[in-house]
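So the structure is just underneath, and the comments pick up after that.
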Number of protein chains: 2
Amino acid sequence: MSTRRTTRQQQAVSSILERHGDFRSAQEWHALLRESGEAVGLATVYRTLQTLADEGTIDVLRSPAGEAVYRACSSGGHHHHLVCRRCGRAEEIEAAEVERWTSATATAYGFTDVTHTLEVFGRCADCS
Amino acid sequence: MSTRRTTRQQQAVSSILERHGDFRSAQEWHALLRESGEAVGLATVYRTLQTLADEGTIDVLRSPAGEAVYRACSSGGHHHHLVCRRCGRAEEIEAAEVERWTSATATAYGFTDVTHTLEVFGRCADCS
DNA sequence: CGGCGACATGAGAATGAGTCTCATTTGCTG
DNA sequence: CAGCAAATGAGACTCATTCTCATGTCGCCG
Ligand SMILES: [Zn+2]
Ligand SMILES: [Zn+2]
Ligand SMILES: [Zn+2]
Ligand SMILES: [Zn+2]
């Protein structure tokens, strides 16, 4: 059976992601946890984030610099993000038009098993 | 004054990118160059690719695995890609709709200085 | 022709995100 | 409480990418 244990560390990771609404790297979350007194090993932070991402509980994307950044999103479904490249704050956006367009285009070119990435970066109102 | 020298190595890099139409990593281009007899140091391959990318002469994007992959594109303007995740072959696609949509959405949320990434991955007809 | 100075190259060291190992700890169940 | 498999974490390790610096190359001027 799937023995999924609930450990203090995993809860600490989930919890801190929920308290902040920003995209941050594993290392940054690790640092935040340490500051908040809830120390968790770096390896465990990586493992937990990966597990949560695989489950679809949190979202991952790659920052323009190429690092993976993670965030707890409210919507469980497929969506994209409008991310402030200064402070990491993000808005979740849905793009039915874009979904339709990409899948139609891919099909027109004979591609199968299609996925896509779409992220919008900018400076949010507060950071302007 | 910007003395831009054209060296054998830089030409070799540009040339091999033009002969193949695929997205490949710096390491892969380096290996191809070595095979083709036109040996170029790895550091130089990295440097040249970066320079070409900064100039806008070639396109960079991050593979799902997170490595940077490079390709010589025919269109000089802004465009996106439909990339085969198996063989690296790519089609250049224009998405006026998407351009419009992203910029309108970003503005609606008060974001400024907006950029976006959009890539579509799949398996091309040959690789299906 | 010969030499100077700026730029380019490349071998190898360094960096840094992310993964792996393995001894130890800790939920869970009975 | 006992027993065990899953989870943890310190540190070793991988691997893409960047940096360092000694050496090579090109253009130019006298
Ligand atoms: Zn999200
Ligand atoms: Zn989508
Ligand atoms: Zn392109
Ligand atoms: Zn675009």
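Residue numbers start from 1 in every chain, and the chains themselves are labelled A, B, ... in the order their sequence lines are given, proteins ahead of strands. Every heavy atom of this structure was used, including side-chain atoms; hydrogens, water molecules and symmetry mates were not.
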Above 12 or not: heavy atoms from other molecules or residues under 6.0 Å from CZ of R85(B)? yes
With a 4.0 Å cut-off on heavy atoms, is Q27(B) in touch with a base, just the backbone sugar-phosphate, or nothing at all? base
How is E28(B) classified with respect to the nucleic acid when contacts are heavy atoms under 4.0 Å: base, sugar-phosphate, or nothing? nothing
Ignoring hydrogens, what is the shortest heavy-atom contact between V40(B) and A12(B)? Give both atom names and the distance. CG2-CB, 4.1 Å
Nucleotide dA17(C), atom P - distance to CD of Q50(A) in whole Å: 16 Å
Does a side-chain N or O from T7(A) land closer than 4.0 Å to OP1 or OP2 of dT8(D), or not? yes
Rounded to whole Å, CZ of R47(B) lies from C1' of dT17(D) at a distance of 12 Å
Rounded to whole Å, please give me the gap between CZ in R62(A) and C1' in dA16(D). 12 Å
Rounded distance in Å - OH (Y46(A)) to C1' (dA12(D)): 15 Å
Could you tell me how far apart H30(A) (NE2) and dG11(D) (C1') are, to the nearest whole angstrom? 13 Å
What are the two closest heavy atoms between V120(A) and A106(B), and how far apart are they? CG1-CB, 4.4 Å
Checking all strands, does S25(B) fall into the base, sugar-phosphate, or nothing category for heavy-atom contacts under 4.0 angstrom? nothing
Which atom pair, heavy atoms only, marks the closest approach of A53(B) to V60(B)? CB-CG2, 3.4 Å
Return the value, rounded to whole Å, for the distance between atom CG of L42(A) and atom P of dG16(C). 14 Å
Please state how far atom CZ in R8(B) lies from atom P in dT9(C), giving the value in whole angstrom units. 9 Å
